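A short worksheet on the structure shown next.
As the structure is a computational prediction, the values presented were derived from the model and not from experiment. Indexing begins at 1, ligand by ligand and atom by atom, following the structure's order. Hydrogens, waters and symmetry mates are skipped; everything else that's a heavy atom, side chains included, is used.
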Amino acid sequence: MNSWSLSDIEVVSRAIVSAPSVHDTQPWDLRLDGTCAQISERRGFTDTPRADRVISCGAGVTNVELALRALGRQIETDLLPDPRRPELVATVRTVGTASPSSTDLRLFSAMARRRSHREAFADIPVPAATVADIVDAAEMEGVCARLLAADEAPALADVLLYSADRVRQDPGHQRDLFPWTSHWLPQGGHESFDTIRTVVTRGVPDSARLAAAIESETVLVFASDTQESIDLVRTGIAVERAWLTAVDARLGASVLSHPLRVDDSAPRLANRLNLPGNPQLILRIGY
Ligand SMILES: Cc1cc2nc3c(=O)[nH]c(=O)nc-3n(C[C@H](O)[C@H](O)[C@H](O)COP(=O)(O)O)c2cc1C
């Protein structure tokens, strides 16, 4: 029995395609079967870190769930449901009908407006209540989403600069397609790339300037309890929920994982911030 109309298929596939993914690789397959949506990790993107691919699939799961709820379906999700098929990230089953909540509808509509804002934000503070909503939206077993305190900005700046330095010293390191410094300091201090992805400018901001820029923004650090797939999928789910909640509040956002994939940058950040678990991703939000 196939219970998917053509318009259902259109809505659900558009939803997953609009999820954020590492280097926009969209490393998932979506299969609509009977009453189930199955999201699997597409293998073969070996030049992107596996953690980022699995986190991307988790973001896709959030969008599929929201689309199904918006279509009036009551759903149940099983993450990594089949140990014999580790690539099967999630099964989202329709178990009945239900009116979508207003939050589901708002986040569903935010999907089409979400995009990476890799530039500085306006100098307008995000209201504490909005920040609290975003942090609440990211609440998820196996994941810690921590708001960076103002006095922690120097620690993040140091780790970002450490990571940039390691990349610079070792030509074997994969360089970021989207240089991270531009997220905070679009007016300078960023590297640019020619078509064969060689660095052509090499400025990096000093630590104090970068820390000041970070401090002026709202930044969340996402850490997973473990490096297991299950916690990476949950991280992706949490990040996308938080990001859509920010978009719904008319905020922009961008994420960074690349600097945390360089050598021991992630444990360094965990250590500096006293974070439990494994830092996976940084989400910056602002107007
Ligand atoms: C797991 C993950 C890691 C990402 N890492 C970075 C990053 O390090 N730097 C960056 O600029 N964007 C990063 N992104 C954002 C993607 O590049 C972006 O979502 C994708 O290019 C699609 O563009 P959009 O977000 O505007 O739709 C990441 C996204 C995901 C899901």
Closest contact, heavy atoms only, Ala145 versus Leu220: CB-CD2, 4.4 Å
Heavy-atom gap Leu281 to ligand 1 smaller than 4.0 Å: yes
Any side-chain donor near an acceptor of the partner, Ser163 and Arg261, under 3.5 Å: no
Greater than 12 external heavy atoms within 6.0 Å of Arg42's CZ: yes
Atom indices of ligand 1, in the order listed, that fall short of 4.0 Å to a heavy atom of Pro20: 19 (O), 31 (C)
Residue His23 vicinity, atoms of ligand 1 by number, heavy atom under 4.0 Å: 17 (O)
Contact atoms of ligand 1, heavy-atom distance to Arg118 under 4.0 Å: 10 (C), 11 (O), 12 (N), 15 (C), 16 (C), 17 (O), 18 (C), 21 (O)
Contacts of Ala155 that satisfy side-chain contact (heavy atoms from CB on, under 4.5 Å) - sequence neighbours left out: Arg272, Leu273
Under 4.0 Å to a heavy atom of Ser21 - the qualifying atoms of ligand 1, by number: 16 (C), 17 (O), 18 (C), 19 (O), 20 (C), 29 (C), 30 (C), 31 (C)
Ile55 contact mode with ligand 1 (heavy-atom cut-off under 4.0 Å): side chain
Nearest candidate to atom 6 (C) of ligand 1, where distance is taken over non-hydrogen atoms, out of Leu283, Val239, Val255: Val255
Per-atom contacts, ligand 1 versus Leu256 - under 4.0 Å to a heavy atom: 7 (C), 8 (O), 9 (N)
side-chain contact (heavy atoms from CB on, under 4.5 Å) evaluation trace for Leu32 with Ile9: CA-CA 8 Å; Leu32 299 178; Ile9 295 170; 3.8 Å; yes
Any residue meeting side-chain contact (heavy atoms from CB on, under 4.5 Å) with Arg14, in chain and number order, not counting sequence neighbours: Glu10
Numbered atoms and elements of ligand 1 in range of Ser56, under 4.0 angstrom, heavy atoms: 1 (C), 31 (C)
Residue pair Ser5, Asp8: steps toward the side-chain contact (heavy atoms from CB on, under 4.5 Å) verdict: CA-CA 5 Å; Ser5 67; Asp8 290 347; 3.2 Å; yes
CD/Gln74: more than 12 non-hydrogen atoms of other groups inside 6.0 Å: yes
Option set Pro27, Ser257, Ser254, criterion heavy-atom distance to atom 3 (C) of ligand 1, minimum: Ser257
Sub-4.0 Å atoms of ligand 1 with respect to non-hydrogen atoms of Arg114: 24 (P), 25 (O), 27 (O)
Contacting atoms of ligand 1, where contact means under 4.0 angstrom from a heavy atom of His258: 8 (O)
